[in-house]
Amino acid sequence: MSRQKNHHTKQFKLDAINYRKEHPDLTQVECAKNLGIGVSTLARWEAQFRDNDGDIPVIGSGSYASEEEKEIARLKRELRDAQDALDVLKKAIGILGKD
C-alpha cells in the first residue's frame, strides 16, 4: 500500500501550531486527529517552530523569498521542458531521416 504525501502550506502549519496552543485541554493526538494530520507530523512542526524562532521552513512553491524568484523558477522549468521537447524532436528527425 502506497502512502500519498501531502504538502501543507506554511500558513496551515502555523495554524496547526496555534490550534494546539489554543487548546491546552486536548492532547497532541486529539489535536492531530482534529486537524487531519499525523501525530508525528504535528510534533515535527512544533519542533521546527521552536528551533526556528517561531518560523517554519517550507519546501516547495511557498518557499520563494520573492515573486521574482518564483518567476525565475517557473521560467527554468519551462525552459527545461522546452529543451526536453526539442531533444525528442531531434531524435525523431534523426530516425525519420534514415529511411
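All residue numbers refer to positions in the sequence shown, counting from 1.
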If you look only at distance, which donor and acceptor atoms sit under 3.5 Å apart when one is on a side chain in residues 83-95 and the other is two or more places apart or in another chain?
none

Identify all side-chain donor-acceptor contacts of residues 31-39 below 3.5 Å with residues at least two apart in sequence or on another chain.
| unit_1 | atom_1 | unit_2 | atom_2 | d |
| --- | --- | --- | --- | --- |
| Asn34 | ND2 | Tyr19 | OH | 3.0 |
| Asn34 | ND2 | Glu30 | O | 3.4 |

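Residue Asp53 qualifies as open at atom CG: its count of foreign heavy atoms under 6.0 Å is 12 or below.
How far CG of Asp55 is from NZ of Lys13: 10.5 Å, rounded to the nearest 0.5 Å. To the nearest 0.5 Å, atom CG of residue Leu75 and atom CZ of residue Arg80 are 12.0 Å apart. Within the model, atoms CD of Gln11 and CG of Asn18 stand 8.5 Å from one another, a figure rounded to the nearest 0.5 Å. The line from NZ of Lys10 to CH2 of Trp45 is 13.5 Å long, rounded to the nearest 0.5 Å.
The ring-ring contact (aromatic ring centres under 6.0 Å, His included) analysis of residues 69-97, with sequence neighbours excluded, yields no pairs.
Counting only distance, with no hydrogens or angles, the side chain of Arg20 and the backbone of Ala43 share no donor-acceptor pair below 3.5 Å.
Looking only at side-chain heavy atoms (C-beta outward), Thr9 and Leu14 stay at 4.5 Å or farther from each other.
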_side chain to side chain contact (heavy atoms under 4.5 Å, CB included), that's the test. Do Arg77 and Leu79 meet it? Break it down for me._
CA-CA 5 Å; Arg77 280 191 308 273; Leu79 176 60; over 6 Å; no
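Using a cutoff of 4.0 Å between basic side-chain nitrogens and carboxylate oxygens, Arg74 and Glu78 are scored as salt-bridged.
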